[in-house]
Colleague: 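Have a look at this one before I ask anything.
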Amino acid sequence: MLSLANMLQLYAEHNHLLKFEGTMETIIPGVYFHRATKSSPRQPLIYNSGIIIVGQGHKIIHFPEHQIKYGAGDYLVLGVPVPLECEAFTDNDLPVMGIAIDINPAMLHKLVNQIMQHKPLSALSSSAQIGAVQSATLDTAMELVTHRLLTVLNNPIEADIFGEDIVKELVYRVLCGPQGHTLIGLAMHDGHYARIARTLSTMHSSYANQITVEGLAEDVNMSVSSFHRAFRQVTFESPLQYL
């Protein structure tokens with residue numbers, strides 16, 4: 001089986017993207033291809049929510065109190081947009097390449113409900129883990145489904161027929177893996193993680209309006225102190241710092 005790096009290179013060749021720089025959506029909605037031929041210095045940005053899989057190169061993301069390095073064969077799971085600083089590095093002068101997958105809320109909720117019919121997931125969504133952003137290594141099952149996803153991206157007919165199901169399996173594999181607690185917390189409507197996710201949606205759509213911590217906490221039925229603590233656990237910043 002070809003490596004993910006080779007699969008991403010084939011995708012770039014097949015779609016005439018050998019000179020492409022940046023991130024673009026593929027023919028499967030919610031699936032994005034990323035390519036950068038040069039390393040980039042540490043700079044501030046917001047990581048959007050979703051699953052990020054690296055096939056080539058590596059990155060270091062910096063939080064206020066820690067940093068995470070992840071590279072080829074690793075993935076990240078973010079349930080909410082997270083502000084951070086990031087460095088990207090090419091390896092052996094080969095471009096940084098990877099894919100990102102949006103999380104469809106309806107699909108996520110259905111998957112979590114189906115899984116919970118067979119085994120309890122509450123232990124994975126404890127409040128102690130809601131802000132735990134870490135990289136994980138693709139296991140065999142996730143590598144295989146990522147390989148299938150990259151394969152059908154080069155075939156419009158197969159992408160149309162199988163694409164949604166392959167993305168669904170990928171989300172399922174993440175749910176069952178070491179970073180599954182992030183998505184499970186997002187699916188739990190009354191949990192702190194899901195409430196902060198709703199708050200962030202409000203902040204992103206209404207940032208030009210007057211926003212107060214008291215108003216945000218009231219919107220999600222939390223006390224100001226609990227809201228402030230949960231917000232920092234999820235985003236690593238206070239509400240006003242994030243804004």
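Starting from 1, each residue takes its place in the sequence as its number.
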Colleague: Output yes when a side-chain donor or acceptor of Thr199 lies under 3.5 Å from a complementary backbone atom of Arg195, and no otherwise.
Modeller: yes

Colleague: So, using side chain to side chain contact (heavy atoms under 4.5 Å, CB included) as the criterion, who are the partners of Asn104 when residues are at least two apart?
Modeller: Ala106, Met107

Colleague: Minimum heavy-atom separation for Tyr70 and Val54, please, with both atom names.
Modeller: CE1-CG2, 3.3 Å

Colleague: Return yes if some donor-acceptor pair links the side-chain N/O of Asn15 with the main-chain N/O of Leu17 below 3.5 Å, else return no.
Modeller: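 Side chain of Asn15 to backbone of Leu17: no pair is present.
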
Colleague: Heavy atoms only: give me the nearest Lys38-Thr90 pair and the separation to one decimal.
Modeller: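 So the two residues come closest at C-CG2, 3.8 Å.
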
Colleague: Pick from Leu76, Leu8, Leu150, Thr146: which one makes a side-chain contact (heavy atoms from CB on, under 4.5 Å) with Ile53?
Modeller: Thr146

Colleague: Minimum heavy-atom separation for Glu25 and Gly30, please, with both atom names.
Modeller: OE2-N, 2.7 Å

Colleague: Going by side chain to side chain contact (heavy atoms under 4.5 Å, CB included), name the residues that satisfy it together with Ser238, two or more places apart in sequence or in a different chain.
Modeller: His228, Arg232, Leu240, Gln241

Colleague: Flag the pair Val174 / Met142 as yes when at least one side-chain heavy-atom distance between them is below 4.5 Å, and no otherwise.
Modeller: yes

Colleague: Should Val171 and Lys168 be marked as a side chain to side chain contact (heavy atoms under 4.5 Å, CB included) after you check the CA-CA gap, both sets of side-chain angles, and the distance that decides it?
Modeller: CA-CA 5 Å; Val171 174; Lys168 180 179 179 181; 5.9 Å; no

Colleague: Test Val152 against Arg148 for side chain to side chain contact (heavy atoms under 4.5 Å, CB included), laying out the working first.
Modeller: CA-CA 6 Å; Val152 302; Arg148 292 202 302 276; 5.6 Å; no

Colleague: Would you please test Ile28 and Ile166 for side chain to side chain contact (heavy atoms under 4.5 Å, CB included) and show each step?
Modeller: CA-CA 10 Å; Ile28 298 178; Ile166 295 175; over 6 Å; no

Colleague: Show the nearest heavy-atom pair for residues Phe20 and Arg35, with the distance to one decimal.
Modeller: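 That closest heavy-atom pairing would be O-NH1, 3.1 Å.
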
Colleague: Do other residues, nucleotides or ligands put more than 12 heavy atoms under 6.0 Å from His66 NE2?
Modeller: yes

Colleague: Write down the atom of Ala136, the atom of Pro178, and the distance for their closest heavy-atom approach.
Modeller: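 So the minimum-distance heavy-atom pair works out to CB-CG, 3.8 Å.
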
Colleague: For residues Ile46 and Ile60: do they belong to one hydrophobic cluster (side chain heavy atoms under 4.5 Å, members Ile, Leu, Val, Met, Phe, Trp, Tyr)?
Modeller: no

Colleague: side-chain contact (heavy atoms from CB on, under 4.5 Å) with Thr182: which of Val234, Val80, Ile103, Val77?
Modeller: Val77

Colleague: So if you build clusters from Ile, Leu, Val, Met, Phe, Trp, Tyr with side-chain heavy-atom gaps below 4.5 Å, do Tyr11 and Leu2 land together?
Modeller: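 Linked within one cluster.
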
Colleague: In plain terms, say whether Arg173 and Glu169 are close enough for a salt bridge, that is, a side-chain N and a carboxylate O under 4.0 Å apart.
Modeller: yes

Colleague: Is it true that Leu200 and Leu243 fall in one hydrophobic cluster, defined by side-chain heavy atoms closer than 4.5 Å?
Modeller: yes

Colleague: Donor-acceptor pair, distance only, cut-off 3.5 Å: does the side chain of Asp74 make one with the backbone of Gly71?
Modeller: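 Yes, because the side chain of Asp74 sits within donor-acceptor range (under 3.5 Å) of the backbone of Gly71.
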
Colleague: If two hydrophobic side chains count as joined below 4.5 Å and joins carry through other members, does Tyr32 share a cluster with Met24?
Modeller: no

Colleague: Look only at the side chain of Asp160 and the backbone of Pro156, and say whether a donor-acceptor pair between them is shorter than 3.5 Å.
Modeller: no

Colleague: Quick one: list whatever passes salt bridge (Lys or Arg N to Asp or Glu O under 4.0 Å) with Glu85, sequence neighbours left out.
Modeller: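 Applying salt bridge (Lys or Arg N to Asp or Glu O under 4.0 Å) to Glu85 gives Arg42.
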
Colleague: Please determine whether the number of non-hydrogen atoms from other residues, nucleotides or ligands lying under 6.0 Å from atom CD of Glu164 exceeds 12.
Modeller: no

Colleague: Quick one: side chains of residues 211-219, donor-acceptor pairs under 3.5 Å with protein atoms, not counting sequence neighbours, listed by atom name and distance.
Modeller:
| unit_1 | atom_1 | unit_2 | atom_2 | d |
| --- | --- | --- | --- | --- |
| Thr212 | OG1 | Gly215 | N | 3.0 |

Colleague: Identify whether Leu45 and Tyr207 are in the same connected component of the hydrophobic contact network (ILVMFWY, side-chain heavy atoms under 4.5 Å).
Modeller: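 Yes, because Leu45 and Tyr207 connect within a single hydrophobic cluster, where side-chain heavy atoms sit under 4.5 Å apart.
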
Colleague: Looking at Gly55 and Ala5, what are the two nearest heavy atoms and their distance?
Modeller: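 Scanning both residues, the minimum pair turns out to be O-CB, 3.4 Å.
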
Colleague: Within the supplied structure, the quantity of interest is the number of heavy atoms (other residues, nucleotides, ligands) at a distance under 6.0 Å from Phe33 CZ; does it exceed 12?
Modeller: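 Result for CZ/Phe33: enclosed.
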
Colleague: Once you measure the plane-to-plane angle for Tyr242 and Phe231, does it fall in the parallel (<30°), tilted (30-60°) or perpendicular (>60°) bin?
Modeller: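 Ring orientation, 0 to 90° scale: perpendicular.
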
Colleague: Give the C-alpha distance, both sets of side-chain angles, the deciding distance and a yes or no for side chain to side chain contact (heavy atoms under 4.5 Å, CB included) between Thr37 and Glu21.
Modeller: CA-CA 7 Å; Thr37 55; Glu21 297 281 335; 2.3 Å; yes

Colleague: Going by heavy atoms in the side chains, are Leu78 and Asn48 under 4.5 Å from each other?
Modeller: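 No, their side chains stay 4.5 Å or more apart.
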
Colleague: Counting only pairs under 3.5 Å, give me each side-chain donor-acceptor contact of residues 92-101, with atom names and distances, residues two or more places apart or in other chains.
Modeller:
none

Colleague: Apply side chain to side chain contact (heavy atoms under 4.5 Å, CB included) to Leu18 and list each qualifying residue two or more places apart in sequence or on a separate chain.
Modeller: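 By the side chain to side chain contact (heavy atoms under 4.5 Å, CB included) rule, Leu18 matches Gln9, Ala12, Glu13.
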
Colleague: Would a 4.5 Å heavy-atom cut-off, applied to side chains only, mark Thr151 and Leu10 as touching?
Modeller: no

Colleague: Is the shortest heavy-atom distance from the side chain of Ile52 to the side chain of Tyr47 under 4.5 Å?
Modeller: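 Touching, per the 4.5 Å side-chain cut-off.
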
